[in-house]
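Let me begin by presenting the structure, written as structure tokens, before commenting on it.
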2 protein chains.
Amino acid sequence: MEPFADPPTSAMFIGELSGRTGCNIETIRYYERVGLLPAPPRSAGGHRVYGVDHLKRLTFIRRGRQLGFALKDVRGLLALVDGGGYTCDEVQALTLSHLDEVRLKIADLKVLEGVLGDMAAECEGGTVPACPVIEALFRGA
Amino acid sequence: MEPFADPPTSAMFIGELSGRTGCNIETIRYYERVGLLPAPPRSAGGHRVYGVDHLKRLTFIRRGRQLGFALKDVRGLLALVDGGGYTCDEVQALTLSHLDEVRLKIADLKVLEGVLGDMAAECEGGTVPACPVIEALFRGA
DNA sequence: TATAGAACCTGTAGTAACTACAGGTTCAAG
DNA sequence: CTTGAACCTGTAGTTACTACAGGTTCTATA
């Protein structure tokens with residue numbers, strides 16, 4: 001769809017970086033504002049000019065987000081990488097901790113799924129002006 | 001823990017309403033501000049004085065939220081109830097639609113769980129200054 | 001080279017659903 | 001009548017973006 005040179009050139013504007021990473025333009029500028037992505041040099045006219053290092057870093061951030069890491073976790077991961085002296089243990093610990101959160105959330109949602117399914121199953125449908133779902137909500141937790 | 005009269009008296013301050021519903025005080029005032037909970041009468045000194053109707057409505061709101069309904073969905077449900085002429089079909093439709101969203105989210109999270117688990121499993125641990133998780137993140141989606 | 005229009009710029013405000021103050025007033029028990 | 005817990009208003013902060021408005025730059029084409 002997007003006819004970008006391959007391999008990526010060493011200089012691109014924000015639109016191309018956006019296209020290559022799938023990260024939208026406003027979000028890229030946002031990442032710069034909050035210090036996740038370093039401010040790139042500018043063209044004579046003031047346009048941001050990115051290099052492959054930015055592409056790499058933004059790919060990392062975006063993938064982390066897709067995997068459900070909070071921005072502060074991504075920031076932590078990047079700090080480890082930037083520091084250079086990270087160990088596999090540290091990274092694994094962060095990953096496993098996040099995995100736990102994901103599993104917890106899955107468990108919570110499965111409970112919801114069960115309750116909602118049960119509630120909906122009790123509906124008789126039709127135009128009856130009464131509903132077991134509504135009653136359940138009024139009954140509370 | 002909370003020694004409230006049982007059954008609920010017909011007049012209580014916000015602290016008691018909070019204790020009875022498990023909904024925190026700031027949140028109750030927030031619901032009032034956004035029009036989900038009607039503004040109650042006030043004591044001579046200006047304290048909010050709630051009745052059992054408020055208790056019932058707040059219980060409904062809170063339970064809806066616990067079940068993962070967005071506030072606007074809760075608002076919709078309450079509008080149905082307030083309107084009086086709701087049918088079981090309408091409510092069931094909203095419930096099933098929300099159930100779909102929950103199931104989608106579960107599916108998404110399970111994918112995450114798989115990917116994160118695989119990534120973490122490849123870690124050799126130890127103090128090796130290299131990590132398959134980091135590499136996977138740099139590789140992108 | 002002129003020009004049009006796509007792409008870029010800054011800065012601000014809005015989203016969801018609360019939560020957390022600060023700085024002051026009221027309630028009620030002893 | 002005092003004291004301190006509970007309450008009040010109003011504003012700002014949180015997460016991670018997204019959506020403008022109003023203006024400038026880039027670049028392909030005539």
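In what follows, every chain begins at residue 1, and chains take the letters A, B, ... in the order their sequences are listed.
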Exercise for the section: To the nearest 0.5 Å, tell me how far B/Leu109 CG sits from A/Ile106 CD1. Expected result: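 The CD1 atom of A/Ile106 is 5.0 Å from CG of B/Leu109, to the nearest 0.5 Å.
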
Practice task
Quick one: pull up CZ in B/Arg62 and CD1 in B/Ile28 and give me the separation to the nearest 0.5 Å.
Solution key: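 Answer for the CZ-CD1 pair, B/Arg62 versus B/Ile28, is 9.5 Å.
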
Write down the distance between [atom1] ([X]) and [atom2] ([N]), rounded to a whole number of angstrom.
X       : N      : atom1 : atom2 : result
A/Leu37 : D/dA16 : CG    : C1'   : 15 Å
A/Ile28 : C/dA7  : CD1   : P     : 14 Å
A/Leu36 : D/dA16 : CG    : C1'   : 11 Å
B/Glu32 : D/dC7  : CD    : P     : 14 Å
B/Phe13 : D/dC8  : CZ    : P     : 8 Å
B/Ile25 : C/dT26 : CD1   : P     : 18 Å

Check for a donor-acceptor pair, side chain of [X] on one end and backbone N or O of [Y] on the other, with a separation under 3.5 Å.
X       : Y       : answer
B/Arg57 : B/Ile61 : no
A/Thr95 : A/Val91 : yes
B/Thr21 : B/Leu17 : yes

Problem - B/Gly46 or A/Val49, whichever maps to the more 5' nucleotide of DNA chain C - result: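 Its nearest nucleotide lies further toward 5', so the answer is A/Val49.
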
Practice task
Produce a footprint string for nucleotides 13-25 of chain C: one letter per nucleotide, 5' end first; B if the base is under 4.0 Å from any protein heavy atom, S if only the sugar-phosphate is, - if neither.
Solution key: ----BBBBB----

Handout entry: Under-4.0 Å side-chain N/O to phosphate OP1/OP2 contact, B/Arg48 with D/dT9
Key =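 So the side-chain polar atoms of B/Arg48 do come within 4.0 Å of the phosphate oxygens OP1 or OP2 of D/dT9, strictly under.
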
Practice task
Take B/Asp82 and B/Arg75, measure what salt bridge (Lys or Arg N to Asp or Glu O under 4.0 Å) needs, and give me the verdict at the end.
Solution key: CA-CA 10 Å; B/Asp82 290 343; B/Arg75 201 185 288 275; over 6 Å; no

